[in-house]
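No hydrogens, no waters, no symmetry mates; every other heavy atom, side chains included, goes into these values. Quick note on labels: first sequence line is chain A, next is B, and so on, each numbered from 1.
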Protein chains: 2
Amino acid sequence: MPMVNTAKNMGPVKEHLKSLGLTKYEALVYIALLRVESASATEIHEISGVPRASVYPVLDKLMKKGLVSVSNTTPKRFDAAPPDEGVEHLLRQIELDATAAKEELVAIYRSREDREEKKQEMIWTLSGRENIENRISDMFSNAASSVIIFASRDLITPRILDLIAQIPGTVSIDLATNGIFAPGDLPDHVRVRSIENLIDTGLLQGDQMAGVFIADRERVLLRLNGDETTPSALYSESPAFLQLFLNYWNHIITSFFS
Amino acid sequence: MPMVNTAKNMGPVKEHLKSLGLTKYEALVYIALLRVESASATEIHEISGVPRASVYPVLDKLMKKGLVSVSNTTPKRFDAAPPDEGVEHLLRQIELDATAAKEELVAIYRSREDREEKKQEMIWTLSGRENIENRISDMFSNAASSVIIFASRDLITPRILDLIAQIPGTVSIDLATNGIFAPGDLPDHVRVRSIENLIDTGLLQGDQMAGVFIADRERVLLRLNGDETTPSALYSESPAFLQLFLNYWNHIITSFFS
DNA sequence: TACCTGTCGTCTTTGTTGTGACAACATTTA
DNA sequence: TAAATGTTGTCACAACAAAGACGACAGGTA
């Protein structure tokens with residue numbers, strides 16, 4: 001029995017189109033129109049599974065978004081814009097909004113009330129691998145003098161390696177971890193220290209992995225929970241909190257590489 | 001009297017953030033957090049106008065989107081990610097979805113049932129200036145041998161001039177219009193013909209302007225309605241429809257430039 | 001006549017928006 | 001120290017708006 005051509009086999013495509021601002025119906029109709037060369041409203045209804053009466057307003061919206069064109073015949077026939085053009089056009093609109101939003105928000109951000117002192121004593125929690133690595137990216141790209149990393153090898157992801165590679169040569173980079181790197185993974189000016197037994201450092205306990213990322217000896221990020229669940233991290237500019245890890249670092253390099 | 005700092009003065013920022021996938025509350029809370037250095041949930045409620053109880057789930061979602069971080073103090077305090085980072089991150093996610101969607105849709109597009117013959121006889125309607133110029137862009141960038149344009153000068157927008165400039169030199173370009181161009185507006189190999197009295201050509205009637213764009217003598221776009229309302233255009237690959245305008249073109253160049 | 005298209009009004013469903021209540025905890029007051 | 005007061009974080013749920021779904025109908029075509 002051949003696969004039925006209903007709206008049942010909806011892949012992740014619809015989700016992707018939704019984040020571009022399309023509704024479920026709009027996605028279904030557009031996809032239906034891509035399947036065939038051109039179609040009447042009723043044919044679209046049959047292919048997409050969208051109620052016939054709902055097809056018309058949906059086609060209207062798709063036309064306004066430039067994804068669909070109409071014939072002037074009666075009955076009207078509809079045609080989809082090629083997907084690369086169409087998606088590109090949608091994306092361009094969103095990018096416009098993004099840059100506009102960015103400017104407006106930066107204006108607000110600049111005029112905020114400044115109370116850095118209090119903020120510095122705070123310890124912040126980040127959640128989600130993406131967001132954590134974004135923060136690390138921010139730390140590294142703003143680092144002026146030094147970067148210190150000691151972490152379980154598993155936490156030094158390719159993304160992190162890439163971030164390290166982009167740090168200018170004027171910044172000193174210290175890296176202590178277990179495991180090894182492929183040639184070319186790291187720039188030459190990175191001082192790498194290898195720690196065989198990570199448990200002695202406290203970085204590895206059972207399944208728990210940890211990693212410490214320090215920039216300019218002023219900002220520290222502590223990555224926790226290397227396991228399956230959504231990882232979290234602590235970030236701080238608190239001198240007290242920082243001193244803790246700077247001491248930790250001194251302890252490691254003196255006792256393991258005396 | 002100074003401007004009150006309530007949630008009343010909400011500019012277009014919120015709209016822009018919405019098209020990046022944020023809800024109204026998420027936008028309000030994020031903006032509120034940008035105003036101040038860091039805030040408790042109740043402070044956020046006071047600044048943003050979002051109900052206190054609703055602030056918590058909203059903050060959760062913002063954290064997952066990487067726009068907000070939490071302190072580990074009690075009570076918790078919240079902090080906004082800098083807007084350039086934050087917006088950039090949101091946009092990156094959407095761009096990922098866009099490229100994914102594009103690939104998936106192109107796959108569908110390729111495997112569609114082909115009935116080009118019928119489609120060729122069709123005359124399609126496009127609506128919206130953006131969408132029309134996008135189609136023209138598509139026509140021009142795919143043109144292999146020739147491009148013909150005769151249109152009221154007002155319809156040759158800077159965008160169109162830019163599109164013309166990007167056509168390779170191997171493609172012959174003919175342009176007939178009223179009005180003039182600034183030096184450098186057009187590449188050298190464009191054959192420009194100047195028509196003083198556009199009414200005789202039928203391109204201009206009262207307030208109605210029209211323009212014809214032909215690529216490779218195979219595809220024609222007829223732009224109408226130069227006035228205020230959302231403009232529309234006809235597009236066709238029908239040989240009969242095309243012949244109409246090719247004759248038209250011959251008539252113009254012979255009777256005006258004999 | 002019979003059929004199909006395009007449009008309208010309506011109802012349901014879903015997600016966001018908004019309100020009140022409450023236990024846990026901290027702070028102040030007696 | 002104990003009671004009183006206030007604040008935080010969480011929950012349940014009402015109100016609302018947008019999207020989704022269905023049936024009915026006038027007009028046109030065959």
Side-chain angles (χ1 to χ4, degrees), chain A residues 6-8 10 14-33 36 38-65 67-79 122 124-125 127, chain B residues 6-8 10 14-33 36 38-65 67-79 122 124-125 127:
Chain A
T6 66
K8 277 300 163 55
M10 49 157 189
K14 271 171 35 185
E15 289 308 313
H16 293 150
L17 286 177
K18 269 199 216 171
S19 82
L20 287 171
L22 299 197
T23 68
K24 184 161 72 171
Y25 275 8
E26 289 169 352
L28 285 171
V29 167
Y30 183 56
I31 292 173
L33 269 176
V36 293
S38 81
S40 70
T42 325
E43 289 167 347
I44 293 173
H45 149 67
E46 286 161 353
I47 302 171
S48 65
V50 173
R52 196 179 63 87
S54 302
V55 160
Y56 294 93
V58 168
L59 282 169
D60 268 355
K61 287 201 283 178
L62 286 176
M63 281 188 57
K64 295 212 179 93
K65 299 188 183 186
L67 295 177
V68 158
S69 51
V70 220
S71 77
N72 56 351
T73 61
T74 100
K76 297 176 183 172
R77 294 191 69 78
F78 301 87
D79 185 29
M122 216 59 90
W124 303 96
T125 305
S127 88
Chain B
T6 66
K8 277 299 163 58
M10 49 157 191
K14 271 170 37 186
E15 289 309 312
H16 293 149
L17 287 178
K18 269 200 217 170
S19 81
L20 288 171
L22 299 198
T23 68
K24 184 162 72 169
Y25 275 9
E26 289 170 353
L28 285 172
V29 166
Y30 182 56
I31 293 173
L33 269 176
V36 293
S38 80
S40 69
T42 16
E43 288 168 348
I44 294 173
H45 148 67
E46 286 161 354
I47 301 171
S48 65
V50 172
R52 196 180 63 87
S54 303
V55 161
Y56 294 94
V58 168
L59 282 169
D60 268 354
K61 287 201 281 179
L62 285 176
M63 281 189 56
K64 295 212 178 92
K65 299 188 183 186
L67 295 178
V68 160
S69 51
V70 222
S71 78
N72 57 351
T73 60
T74 102
K76 296 177 183 171
R77 295 191 69 79
F78 302 88
D79 185 28
M122 216 59 89
W124 303 95
T125 305
S127 87

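The backbone N or O of Pro75(A) sits less than 3.5 Å from a side-chain atom of Thr73(A), completing a donor-acceptor pair.
Not counting sequence neighbours, the partners of Pro51(B) by the side-chain contact (heavy atoms from CB on, under 4.5 Å) test are Tyr25(B), Ser54(B). For the side chain to side chain donor-acceptor pair (under 3.5 Å) test, residues two or more places apart in sequence or in another chain that qualify with Ser40(B) are Thr42(B). Every side-chain contact (heavy atoms from CB on, under 4.5 Å) that Ala41(A) has, sequence neighbours left out, goes to Val55(A), Tyr56(A), Phe78(A).
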What nitrogen or oxygen pairs link the protein and nucleotides 8-15 of chain D at under 3.5 Å?
| from | atom 1 | to | atom 2 | distance (Å) |
| --- | --- | --- | --- | --- |
| dT8(D) | OP1 | Thr42(B) | OG1 | 2.8 |
| dT8(D) | OP2 | Thr42(B) | OG1 | 3.2 |
| dG9(D) | OP1 | Lys76(B) | N | 2.8 |
| dG9(D) | OP2 | Tyr56(B) | OH | 3.2 |
| dG9(D) | N7 | Arg52(B) | NH1 | 3.1 |
| dG9(D) | O6 | Arg52(B) | NH2 | 3.0 |

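Listed here is the closest heavy atom pair of Glu43(A) and Arg77(A): OE1-NH2, 3.1 Å.
Scanning DNA chain C 5' to 3' for nucleotides with an atom closer than 4.0 angstrom to a non-hydrogen atom of chain A gives a first and last hit of dT5(C) to dC8(C).
Taken from CD1 in Ile31(B) to CD1 in Ile47(B), the straight-line distance is 12.0 Å, to the nearest 0.5 Å.
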Using atom types as modelled, flag every donor-acceptor pair under 3.5 Å from a side chain in residues 58-65 of chain A to any protein atom, sequence neighbours excluded.
| from | atom 1 | to | atom 2 | distance (Å) |
| --- | --- | --- | --- | --- |
| Lys61(A) | NZ | Glu26(A) | OE2 | 3.2 |
| Lys65(A) | NZ | Gly21(A) | O | 3.2 |
| Lys65(A) | NZ | Glu26(A) | OE1 | 3.3 |

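Within the 4.5 Å cutoff, no side-chain heavy atoms of Val50(B) are placed close to those of Ile44(B).
With rounding to whole Å, Lys18(B) atom NZ is found 11 Å from dA17(D) atom C1'.
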